[in-house]
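Here is the structure we will look at, set down as structure tokens.
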Amino acid sequence: MAEHFYDPVGKCIYCGSTKYALRTDRKLGEEHIIPFGLYGTYVLPEASCKECEKITGRQESKFQRGALLPARTFLSLPTRNKSNRPTELPLLVEDRKVMVKIEHYPACLMLLRFPPPRIIDSSGAWGMGISGKLFSYDADALKLHYGVTKFRWPILRADVLQRVIAKIAHSYAVAKLGIDGFQPSLTHFIRNEQAYGLSNLIGSHHYELEADAGHVMGFAMMEGFPHIVVVRIRLFAEFKMPTYLAVVGTRPGGPPIPDEWKAFDTEPFMEYTHGI
């Protein structure tokens, strides 16, 4: 796949370090705005230190090799180790897992739909949900080969998805506005897996970005919030997945995001699944 490279950043976009690691002259690492494993083609050179590279890589791995793995396998999305593609995947059947061959697996793409970011809309007018696209389902094959008639897909972790959205949105804002083009609000959440408050700044939007294929990103202007910078993201737009809003920070010279929005979350580690 052809990649598009932005200008080198020259320091880590998450912690500000100008070195990849201590006692090395290696340049800072490349950062895919959308993960490579999701067919991400936009790259920020010299944008991540070794420590932050490990942190974001671990979060992306949880997402891509968790609930998203069946869809990635079915769609043959990129992998850095093609010889390690799974030949079977686990299916949740009551309180146990059944390993099902890829040709029989009911591949489904599922993403969570969140309420809007609380800093923009704290009314709670609409809540969590799941958007799904079922690619293949042969009930007869599942019953014949595995004795399975009812099952659930892998569990979706809300905070894992929100951190991936935060990383995409922050790196997109850096690519488009520059490292000093906004006062960031998401780096604390991206680097600290125990930090609560993601729902305050990451959520969904009722307006869906349209596309024939792939992923769509852009900035959103929020009425009544002229000082904040919001990135709008729709992964797998062709499959009608949700559009996400990420409050990446504030404009230079404007007031920063108050600390109270970075330290409170009533649902830090909620898990969701769906089944037949």
Below 4.5 Å, heavy atoms only, C-beta onward: do [X] and [Y] meet side chain to side chain?
{"X": "Lys50", "Y": "Lys54", "value": "yes"}
{"X": "Ile120", "Y": "Ile228", "value": "yes"}
{"X": "Leu68", "Y": "Leu77", "value": "no"}
{"X": "Val216", "Y": "Thr243", "value": "no"}
{"X": "Tyr39", "Y": "Pro78", "value": "yes"}
{"X": "Lys240", "Y": "Ser131", "value": "no"}

What's the separation between atom [atom1] in [X] and atom [atom2] in [Y], rounded to the nearest 0.5 Å?
{"X": "Ile55", "Y": "Glu53", "atom1": "CD1", "atom2": "CD", "answer": "11.0 Å"}
{"X": "His4", "Y": "Leu44", "atom1": "NE2", "atom2": "CG", "answer": "9.0 Å"}
{"X": "Phe36", "Y": "Glu3", "atom1": "CZ", "atom2": "CD", "answer": "7.0 Å"}
{"X": "Arg234", "Y": "His205", "atom1": "CZ", "atom2": "NE2", "answer": "12.5 Å"}
{"X": "Gln59", "Y": "Gln162", "atom1": "CD", "atom2": "CD", "answer": "11.0 Å"}
{"X": "Leu28", "Y": "Thr18", "atom1": "CG", "atom2": "OG1", "answer": "7.0 Å"}

Sub-3.5 Å donor-acceptor pair from the side chain of [X] to the main-chain atoms of [Y], do we have one?
{"X": "Tyr244", "Y": "Val231", "result": "no"}
{"X": "Ser185", "Y": "Val247", "result": "yes"}
{"X": "Ser61", "Y": "Gly57", "result": "no"}
{"X": "Arg163", "Y": "Asn192", "result": "yes"}
{"X": "Arg251", "Y": "Val229", "result": "no"}
{"X": "Glu46", "Y": "Val9", "result": "no"}
{"X": "Lys167", "Y": "Ile190", "result": "no"}
{"X": "His170", "Y": "Ile13", "result": "yes"}
{"X": "Trp153", "Y": "Pro106", "result": "yes"}

Report whether [X] and [Y] are members of the same hydrophobic cluster (ILVMFWY, side-chain heavy atoms less than 4.5 Å apart, transitive linking).
{"X": "Ile233", "Y": "Phe225", "result": "yes"}
{"X": "Val43", "Y": "Tyr20", "result": "no"}
{"X": "Met241", "Y": "Ile130", "result": "yes"}
{"X": "Leu144", "Y": "Leu142", "result": "no"}
{"X": "Leu109", "Y": "Leu134", "result": "yes"}

What closest approach, in Å, do [X] and [Y] show between heavy atoms, and which atom pair accounts for it?
{"X": "Arg191", "Y": "Cys52", "value": "NE-SG, 3.1 Å"}
{"X": "Pro70", "Y": "Leu89", "value": "CA-CD1, 3.7 Å"}
{"X": "Phe182", "Y": "Leu177", "value": "CD2-CD1, 4.1 Å"}
{"X": "Pro154", "Y": "Gly66", "value": "CB-O, 4.3 Å"}
{"X": "Ser48", "Y": "Glu31", "value": "CB-OE1, 3.6 Å"}
{"X": "Ile202", "Y": "Ala246", "value": "CD1-CB, 3.5 Å"}

Exercise. Quick check: are there more than 12 heavy atoms from other residues, nucleotides or ligands sitting under 6.0 Å from OH of Tyr42?
Worked result: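 No, not enclosed.
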For this session: Give a yes or no on whether Lys62 atom NZ has more than 12 heavy-atom contacts from other residues, nucleotides or ligands under 6.0 Å away.
Result: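 Yes, NZ of Lys62 has more than 12 neighbouring heavy atoms, counting only those of other groups under 6.0 Å.
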Exercise. Given Met128 and Phe114, is the side-chain contact (heavy atoms from CB on, under 4.5 Å) satisfied, shown in steps?
Worked result: CA-CA 5 Å; Met128 299 288 293; Phe114 299 105; 3.4 Å; yes
For this session: Take the angle between the ring planes of His215 and Phe236 and call it parallel below 30°, perpendicular above 60°, tilted in between.
Result: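 Ring orientation, 0 to 90° scale: perpendicular.
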For this session: Just say parallel, tilted or perpendicular for the rings of Phe74 and Phe135, cut-offs at 30° and 60°.
Result: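 If you compare the ring of Phe74 with that of Phe135, the planes turn out parallel.
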Exercise. side-chain contact (heavy atoms from CB on, under 4.5 Å) between Leu198 and Ile165: does it pass, once the steps are laid out?
Worked result: CA-CA 10 Å; Leu198 285 157; Ile165 295 300; over 6 Å; no
Problem set entry | Arg113 and Ser204: side chain donor to acceptor below 3.5 Å |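 Ser204 and Arg113 do not have a side-chain donor-acceptor pair below 3.5 Å.
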For this session: Could you walk me through whether Lys19 and Thr24 pass the side-chain contact (heavy atoms from CB on, under 4.5 Å) test, one step at a time?
Result: CA-CA 8 Å; Lys19 293 180 67 67; Thr24 180; 5.6 Å; no
For this session: Before giving the answer on side-chain contact (heavy atoms from CB on, under 4.5 Å), spell out for Met217 and Ile33 the whole-Å C-alpha distance, their side-chain angles and the decisive distance to 0.1 Å.
Result: CA-CA 10 Å; Met217 295 179 291; Ile33 294 176; 4.0 Å; yes
For this session: Could you point out which residue of Phe151, Tyr146, Tyr137 forms a ring-ring contact (aromatic ring centres under 6.0 Å, His included) with His104?
Result: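 When ring-ring contact (aromatic ring centres under 6.0 Å, His included) is applied between His104 and each of Phe151, Tyr146, Tyr137, only Tyr146 qualifies.
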